[in-house]
Every structure is written in C-alpha cells, then in structure tokens.
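Proteins get letters first, then strands, A, B, ... in listed order; numbering begins at 1 in each. Keep in mind that this is a model prediction, so the values were computed, not measured.
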Amino acid sequence: MLSKRQNLKFIWSTVLAVLLITFFVSLFGGRYVISPYEVSGILIDGLLGEAGDGMAFSVVWNLRLPRTLLNCFVGAGLAVAGAAFQGIFRNPLVSPDVLGVSSGAAFGAAFGILLSGIDHLATVMALLFGIVSVFMTYTLSKLRGESSTLSLVLSGMIISAVFSALISLIKYVADPYDKLPAITYWLMGSFASASYSNLQLVGVPIFLGTIVLLLLRWRINILSLGDEDAYSLGVNPVKTRRVIIIMATLITASCVTVTGVIGWVGLVIPHICRMLIGVDHMNLLPVSCVVGAAFMIIVDLIARTVTAAEIPIGILTALVGAPFFALLFKRAKGDWQ
Amino acid sequence: MLENRKKWLQGAALLLAAVFVLSLAGCQNGGRGKNPATGQGTETKTVTDLMGNQVKIKANVEKIAVVPIPWATIVYAVDGTGGRIAGMHPSAMKAYQSSILKAMAPEMANANSTFVDNNFNMNYEEVAKLKPDVVVIWDYQPEIGKKLAELGIPSVMIKYGTLEDVQKGIKLVGEMINRPEQANALIQYHQDTNSYLKSKESMLAGKNKPKVLYLRDEQLQVAAGDSVNRIMIETAGGVNVSNEGSGQWMKVTMEQVMAWNPDVIVLSNFSNVLPEDLYANKFSGQDWSKVEAVKNKRVYKAPMGIYRWDAPCVETPLMIKWLGKVLQPEVYTDYDMRNELRSFYQTFFNYKLSDVELDQILNSKQNSDLKL
C-alpha cells in the first residue's frame with residue numbers, strides 16, 4: 001500500500017501525463033489525414049516561426065491547435081466551476097448551471113441568432129443573459145430574507161425554467177430553414193467556431209475565474225462544513241459564497257458563449273475526481289481542472305473525427321461520460337461523500 | 001357586503017349564460033348557412049394524390065392552402081397566377097417576399113401564412129376560418145389529413161425530394177385546378193431538358209469533372225449523398241464531394257472540407273452567405289484560404305427564381321443548365337442562360353423579364369466571373 005503522499009504524487013503524474021498525451025493525440029488526429037511525422041515537422045516549423053503555406057500547416061495551426069486549446073479551457077473551466085459549486089452547496093447533484101447561467105446564456109444566444117444570425121450580437125447576448133440570469137437568481141433568493149443554499153438552488157430552478165420556456169418560444173417562431181438549425185446546433189454545443197480570436201475573448205475570463213477559485217479552495221473546504229461551522233472558524237460564508245458564485249458564473253457564461261451548451265462535464269468530472277483523490281478541495285479543484293480538460297479533448301476528438309458529419313458535443317459528453325461514470329459508480333460503491 | 005357579492009355573482013352568471021346561448025345560435029346560423037351550399041352539391045371530382053389516395057374535391061377548386069414550402073410556387077407555375085393560393089407556409093412567404101415572384105404575383109402577398117406554423121403543425125381553427133377547397137400536405141402527415149377531413153376539408157398528400165416527384169406534383173396540380181395543358185407543357189419542358197442533358201453524357205465522359213461542394217450555410221451544412229443537389233451536380237458534369245453521408249444535408253468540420261478540397265463551391269439561398277464571405281475568411285473557426293475553389297475564386301451563389309433553385313422546384317431544369325455553364329462551359333454551348341430564362345418565364349408565367357430582374361435571379365453581382 002502506497003502512503004497517502006506517494007499516492008497523491010502518483011495520481012498527479014498520471015492525470016498530467018494523460019492530459020499531455022491527449023493534447024498531442026488531438027493535434028495529430030482529424031479528418032484531414034496528415035502523417036504523424038509531418039505533423040511533428042509542422043509543429044516545429046510553426047514554433048520556429050516559419051509559417052508554412054500549405055493546407056496541412058493551416059489544418060494543424062489554424063484549426064486543430066486553437067480547437068484543442070479551447071477544449072482545455074472549457075473542460076477545465078466547467079469542471080472546476082462544478083467542483084466549487086458542489087462544495088459550497090454541499091450537494092453532489094449540483095452542476096455549474098444550477099443558478100441558471102446556461103439557460104440564460106442559451107436564451108441570449110438563441111435570441112441573438114433569431115435577430116441577426118450567428119455573429120457578435122449572439123456572443124454578447126449570451127454572455128450578458130448568462131450573467132443576468134444568475135444575478136436574478138441571487139436577488140430572488142434574497143427576497144426570502146435569507147441566503148441559504150437551498151433558497152439559491154430553488155431560485156435557480158425558477159429562473160432556469162423561465163429561460164427554458166423562452167428558448168422554446170424562440171425555437172417555435174424561428175424560420176425552419178435558416179435560423180432554427182443554427183439555434184438547434186448551438187444548443188447542442190460545438191467547438192467548430194474555435195479560433196485564436198475567440199480563445200482570447202473567453203480565455204481571459206475562464207483563466208481568471210479558475211485562478212480565483214483555486215486560490216479560494218481552502219475556503220470551499222470550510223464552506224462545505226456548513227454555515228455555522230464557517231462562522232465559528234472566522235469565515236463569512238455569505239460573502240465567500242458570493243465571490244465563488246461570481247467566478248463560477250464568469251467561467252460558465254464564457255464557456256457557453258463560444259461553445260454552446262455542454263452539459264454533464266461540470267457534474268461528472270468532479271465526481272470522478274473525488275473518487276480518484278478524495279473530498280479535500282485543496283486537491284480536488286486542481287485535479288478537476290486537469291481531468292476536465294483531458295475529458296473534453298477526448299470527447300471533441302471523437303466528435304470531429306468519427307464520421308464526416310460532425311457529432312454535436314453535448315450529445316457525446318453524455319454518451320461517453322455516462323457509462324464511464326456508471327463504471328466508477330459501481331466500483332466506488334457510493335462512498336465518495 | 002355579502003349582498004353585494006351575491007348580486008355580482010348573479011350578474012356574472014347571467015352574462016356567461018347569455019354569451020353561451022348567443023354563441024350557440026351563432027354556430028347554428030353558420031351551420032344553416034353552409035348546408036345549402038354543400039348540399040346543393042357544387043360538382044365534385046376525384047383526383048389521386050402522390051400517395052395513391054383517391055381524394056374527392058370540388059370540381060372547380062378556387063382556394064388552395066399549401067403546407068409544403070416549395071409547393072406554393074408549383075401551384076403558381078401551373079396556374080400562371082397566385083390567385084388560388086389562399087394559404088402558404090410562413091417560410092414560403094418569407095422566400096416570396098425576397099424573390100422576384102413578389103413583383104410577378106402581387107396577389108400572393110395576401111395569402112394566409114398563419115394556418116400552419118414553422119414546425120408544420122396545423123392551426124385547425126385558422127384553417128376552418130380560411131375554408132380552403134383543398135389543402136396540400138406532406139406525405140408524412142396522414143393524421144393532419146384525417147383531422148381536416150373531420151372539418152370537411154379534403155387534403156392531398158405529396159412526396160418531395162426527387163425530380164420525378166416534382167413532375168408528378170405538377171401533374172397533380174394540373175388535375176386539381178383543371179389546367180392539364182399547362183401542367184403537361186411544364187412536364188414536357190422538364191423531360192426535354194432531361195433528354196438534352198442525357199445527350200451530353202458521352203461528351204462529359206472524357207472530361208475532367210470538378211469536385212463540387214454545395215454549401216448550405218455558415219454552420220458548414222453541406223449537401224449529402226441523398227440530396228437533390230448531388231443529382232444536379234452529377235448531371236451537369238461535376239462530382240459532389242460529400243457523398244459519404246446519407247440524408248439531405250449534413251454538418252461537417254472545416255477540416256473535412258479541407259480534406260475534400262473542392263474545386264468549385266456553390267452557396268445555397270437558405271442562408272445569406274456570399275462568395276466574398278469565404279474570400280474574406282469571415283467565419284470564426286474556419287480557414288477557407290487554402291481551399292482550391294477559394295484560391296481560384298470559384299465560389300458562386302446559386303440563383304433564385306420564383307423559388308430557391310437549391311431545392312427541387314419547377315425551375316430545376318434551369319438550375320441544372322446553370323450548373324452546366326458553371327462546371328462544363330465548353331460542353332453546354334447550345335444555349336444562352338439569359339435567353340433560356342427569358343423564354344421560360346414568357347412561356348409559362350407570361351412575364352417579360354428585364355435585365356435587372358435577370359441579374360437578380362442569376363445573382364450576377366456575386367457571380368460576375370461567370371459572365372452569364
């Protein structure tokens with residue numbers, strides 16, 4: 001039996017190795033067939049600043065690399081936001097969109113697409129409504145004069161329901177030939193629009209939010225003990241929770257803005273990591289980041305390579321994630337709490 | 001206090017009762033008014049729809065409600081006027097508003113476009129109000145047909161997807177509105193074009209066939225193996241690159257497009273994507289600059305006549321002739337696209353196209369390189 005410390009080291013080196021491997025496999029695989037040897041050459045050329053002119057160079061540097069980087073950002077962001085939420089809400093069934101951010105952002109994007117097609121308006125509206133919906137949830141929960149996690153979750157359900165209905169309304173009135181397919185594809189999620197410019201756009205908020213959550217991870221440990229214990233340990237649970245909610249919202253809204261709705265990652269990756277490394281958020285949050293990134297790369301690799309038609313990522317995260325989760329669920333015998 | 005409330009309730013009950021009785025009377029009146037009309041039996045006739053059902057309709061059909069989107073224009077083409085079109089799909093209305101048909105058939109602007117919604121669900125009360133003599137519905141909507149029958153409104157089912165379906169549809173419309181000669185003339189034009197295209201097969205056999213990508217929108221939906229666009233491309237003398245997929249349209253990755261590396265790209269009228277958008281590499285996550293068709297500036301916007309030429313329609317023969325000029329100009333030298341269009345519109349729609357209108361149909365501004 002390994003000591004706890006050695007065990008931790010082993011897990012860390014394993015997940016980092018997996019991330020590194022998946023990252024490179026993702027750069028080497030795709031519908032446009034390029035030999036691994038050639039890809040290596042292209043990567044080295046690009047790093048040396050010798051911009052190639054060929055199609056293969058463009059495929060690797062302008063399509064696969066930004067897409068894989070975006071996979072990492074979104075996967076890590078959603079997973080860490082999920083892990084933080086599950087900690088502060090003390091509930092393993094919570095995911096990053098529990099406060100309505102996904103349905104709000106989805107509504108914003110659908111509305112933007114309805115007004116002017118897929119362009120900057122849809123992006124801005126998605127971000128805006130994602131943040132607005134969480135603000136509404138937070139305000140609604142305080143109407144009861146308390147700020148308990150239960151009233152937050154309930155308010156989130158109410159706001160989500162409203163925005164879901166509005167999304168249905170938009171889909172109902174959208175033109176079936178041009179607008180409706182765009183909205184439907186968007187709601188199923190896709191990394192097809194990955195580029196360096198939108199990496200810059202959402203990379204900063206996701207990175208920032210993730211860093212803050214990682215810095216606050218010991219406070220999440222305290223919050224997960226309950227509000228009374230938090231007070232007695234000198235931590236203001238309401239304020240801390242607010243900061244964490246703002247950061248997780250920033251991350252999730254940014255993710256949804258470029259990729260559409262991707263469910264399941266924020267719910268399941270933290271669970272998987274808890275089985276790997278335990279409930280201590282000091283370890284759980286950073287590991288969730290790494291595993292989330294690797295998982296997203298793998299799933300998107302499948303989405304874009306298996307058939308000539310691209311498979312929507314939202315379908316695959318569930319189809320790949322669920323059986324994997326079920327397997328772990330069986331082996332862990334439910335003792336991850 | 002209590003008295004007051006009681007009075008109020010009584011008043012409300014009375015009012016309700018009055019409304020109820022009045023509305024009943026209204027119904028009866030409506031019923032009585034209608035009975036003699038149908039009872040005296042305006043003459044009827046029987047037509048066979050494309051699913052083989054025998055449908056009894058009025059001998060003299062005056063009002064048709066059309067559910068399938070491109071079919072409003074088929075009725076127009078056979079009739080030579082839009083006067084009989086009482087209702088059409090909201091998306092068909094949208095296409096109408098932005099096409100040349102608006103100038104040719106202003107009467108169609110008044111057609112109802114709320115009796116059916118974007119998802120092809122029927123609003124029965126609206127249909128009942130509209131009282132069409134017959135409703136055209138899709139082959140997969142037999143339940144809607146049954147419900148309409150309960151309302152006393154006959155419906156014909158149509159199939160859609162291939163060029164033969166269009167010809168059969170034209171014939172059916174001709175029977176419905178008693179204009180078989182016009183329908184036969186249109187069908188004859190379709191068949192003549194087919195034989196003309198067939199006669200070019202031997203000439204095409206030795207030719208280098210360009211790889212063609214038929215792009216629907218910026219989401220990278222492309223015409224797949226079962227699409228009519230594949231048939232159009234192959235008939236005209238090209239190779240559709242995306243035959244691996246089944247179905248009409250499929251969404252692909254940019255990397256897949258680059259792997260296909262098409263020589264020619266045709267943009268559909270289902271979206272507003274223009275050749276310059278691809279030349280300028282406007283779409284996030286897509287890199288068109290290395291694709292052969294973009295490098296050689298061979299991206300074209302498909303024409304749009306009385307309907308989008310991307311879908312099977314009365315103008316499909318013209319679409320294949322246009323594709324022939326795009327893909328194999330040295331093979332298709334027997335006709336001039338503008339003359340072809342002028343005589344088609346003159347013959348079948350009795351409409352004289354101006355040069356500006358021809359430019360509009362052929363998207364000449366976007367396709368200036370074609371010099372058509």
Can you confirm whether [X] sits close enough to [Y] that some side-chain heavy atom of one is under 4.5 Å from a side-chain heavy atom of the other?
X        : Y        : value
B:Gln286 : A:Ser193 : no
A:Arg67  : B:Thr253 : yes
A:Leu63  : B:Met258 : yes
A:Glu310 : B:Val252 : no

Toward chain B, the part of [X] with a non-hydrogen atom under 4.5 Å:
X        : answer
A:Asp175 : both
A:Pro66  : neither
A:Ile34  : neither
A:Ala192 : both

Top residue by heavy-atom pair count (under 4.5 Å) with chain B, among A:Ala303, A:Ser195, A:Ser58?
A:Ser58

For chain A, find which of B:His89, B:Met254, B:Gln221 contributes the most heavy-atom pairs closer than 4.5 angstrom.
B:Gln221

Ranking B:Met250, B:Arg308, B:Lys251, B:Gln219 by heavy-atom pairs under 4.5 Å to chain A gives rank one to B:Lys251

With a 4.5 angstrom heavy-atom cut-off, which part of B:Asn118 approaches chain A: side chain, backbone, both or neither?
both

Between B:Glu244 and A:Arg31, is there a side-chain N and carboxylate O pair less than 4.0 Å apart?
yes

Hey, could you give me the NZ/OG distance between A:Lys179 and B:Ser91, rounded to the nearest 0.5 Å?
11.0 Å

Does a donor on one side chain and an acceptor on the other come within less than 3.5 Å for A:Tyr172 and B:Asn119?
no

Go through the steps to decide whether B:Gln256 and A:Thr305 satisfy the test side chain to side chain contact (heavy atoms under 4.5 Å, CB included), and finish with yes or no.
CA-CA 9 Å; B:Gln256 179 67 66; A:Thr305 54; over 6 Å; no

